[in-house]
Amino acid sequence: MFTGIVTAVGTIREARKTGDLRAVIACPFDPAGIAMGASIACSGVCLTVVDKGGVAGDAWFAVDISAESVARTVSDRWQEGRHLNLEPALKLGDELGGHIVTGHVDGVGTVVSIEPIGDSRRFVIAAPRELAPYLAPKGSITVDGISLTVNEVSDEPDGTCHFALNIIPHTAEVTTIGAMRAGDGVNLEIDVLARYLQRMQSLRS
């Protein structure tokens, strides 16, 4: 489990096909604090550490990414040189600063527009039809592993929806979202509570 509070930005140093896709990710963590078999969310995707090395502040860890994970996430996310939002798994007693995040991507969205609002930026993201029922104003959404609050939701005629987010300067600075442009893809995970509420409602009807 995660909170959607990104603790570092990593860079894919190497990506090679070994059956699954093996990615080596450079990061500013201390390798002594990375356990083999530990879970780390990489731009919203829960992955398992299979190797590690380096020194404190200049570490790396390796993960295997299944074909299923590659297919369900942004198509170019796993290329060498790409930056990833990183969050180690939640530990008992840690502060739940964001919301409950599982690290299981539900779908891919697209950045429609980015508009400056004061010092912040207003992002509008298009979500696919299957995720539209789970999005609501003031609800939670995970975008590339970042816990964010939905400000507005606009339903589209084709069943998809657009939702708006406010990105403050700090979030833009310490995550990959600050470098995004209109047209970029993003990994989306809906709020786990919304998932169960929608399921219960569908059974009632």
Side-chain angles (χ1 to χ4, degrees), residues 2-13 23 25-29 40-47 63 65 69-70 72-90 95-128 131-132 134-154 160-192 194:
F2 307 92
T3 67
I5 303 300
V6 172
T7 59
V9 172
T11 303
I12 298 180
R13 193 170 75 187
I25 301 168
C27 64
F29 295 154
I40 297 179
C42 300
S43 285
V45 185
C46 177
L47 297 172
V63 294
I65 309 162
S69 293
V70 172
R72 287 185 170 272
T73 55
V74 176
S75 60
D76 63 352
R77 184 63 79 234
W78 309 111
Q79 296 177 355
E80 290 183 15
R82 287 302 304 260
H83 299 306
L84 302 173
N85 296 316
L86 303 179
E87 181 192 355
L90 185 66
E95 178 183 355
L96 185 61
H99 70 282
I100 296 172
V101 174
T102 64
H104 300 152
V105 172
D106 294 298
V108 171
T110 304
V111 178
V112 175
S113 64
I114 304 172
E115 177 187 1
I117 303 291
D119 292 331
S120 298
R121 302 182 204 175
R122 182 179 186 269
F123 276 63
V124 175
I125 296 176
L131 300 190
Y134 301 94
L135 295 167
K138 305 309 175 187
S140 296
I141 183 76
T142 307
V143 177
D144 266 9
I146 310 165
S147 172
L148 296 166
T149 300
V150 176
N151 289 337
E152 303 169 22
V153 176
S154 173
T160 64
C161 78
H162 290 180
F163 65 94
L165 308 165
N166 184 69
I167 306 300
I168 63 172
H170 175 75
T171 302
E173 187 176 322
V174 302
T175 70
T176 62
I177 203 167
M180 285 184 178
R181 300 291 181 265
D184 286 349
V186 289
N187 295 324
L188 300 177
E189 180 186 334
I190 57 175
D191 181 30
V192 66

Is there a side-chain contact between [X] and [Y] (heavy atoms, below 4.5 Å)?
X	Y	value
Thr11	Arg13	no
Arg82	Asp76	yes
Trp78	Ile65	yes
Phe163	Leu188	yes
His83	Arg77	no
Thr176	Val9	yes
Asp144	Met180	yes
Val186	Val111	yes

For Thr110 and Asp184, what are the C-alpha separation, side-chain angles and deciding distance, and is it a side-chain contact (heavy atoms from CB on, under 4.5 Å)?
CA-CA 6 Å; Thr110 304; Asp184 286 349; over 6 Å; no
At their closest point, which heavy atom of [X] faces which heavy atom of [Y], and how far apart are they?
X	Y	answer
Ala164	Arg122	CB-NH2, 3.6 Å
Ala132	Thr160	CB-C, 4.3 Å
Glu87	Gly145	OE1-O, 4.4 Å
Leu135	Ala127	CD1-CB, 3.7 Å
Phe2	Gly103	CD1-N, 4.1 Å

Rounded distance [0.5 Å steps], [atom1] in [X] versus [atom2] in [Y]:
X	Y	atom1	atom2	answer
Leu165	Thr171	CG	OG1	10.5 Å
Leu148	Ile125	CG	CD1	7.5 Å
Leu86	Cys27	CG	SG	6.5 Å
Ile141	Asp106	CD1	CG	7.5 Å
His104	Thr142	NE2	OG1	12.0 Å
Glu189	Ile146	CD	CD1	13.0 Å

Do His99 and Ser147 meet the criterion of a side-chain donor-acceptor pair at a distance under 3.5 Å?
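Present: a donor and an acceptor within the cut-off.
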Member of Asn187, Thr73, Val6, Val143 meeting the side chain to side chain contact (heavy atoms under 4.5 Å, CB included) criterion with Ser43
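Output: one option passes, namely Asn187.
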In this structure, are over 12 heavy atoms from other groups packed under 6.0 Å from Gln79 atom CD?
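Counting other residues, nucleotides and ligands, CD of Gln79 exceeds 12 neighbours.
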Just wondering, are more than 12 heavy atoms of other shown residues or ligands nearer than 6.0 Å to CG in Leu90?
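Above 12, so yes.
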Evaluation steps, side-chain contact (heavy atoms from CB on, under 4.5 Å), between Ile40 and Leu47
CA-CA 5 Å; Ile40 297 179; Leu47 297 172; 5.9 Å; no
Evaluate Arg72 against Val108 for side-chain contact (heavy atoms from CB on, under 4.5 Å), listing each step before the verdict.
CA-CA 7 Å; Arg72 287 185 170 272; Val108 171; over 6 Å; no
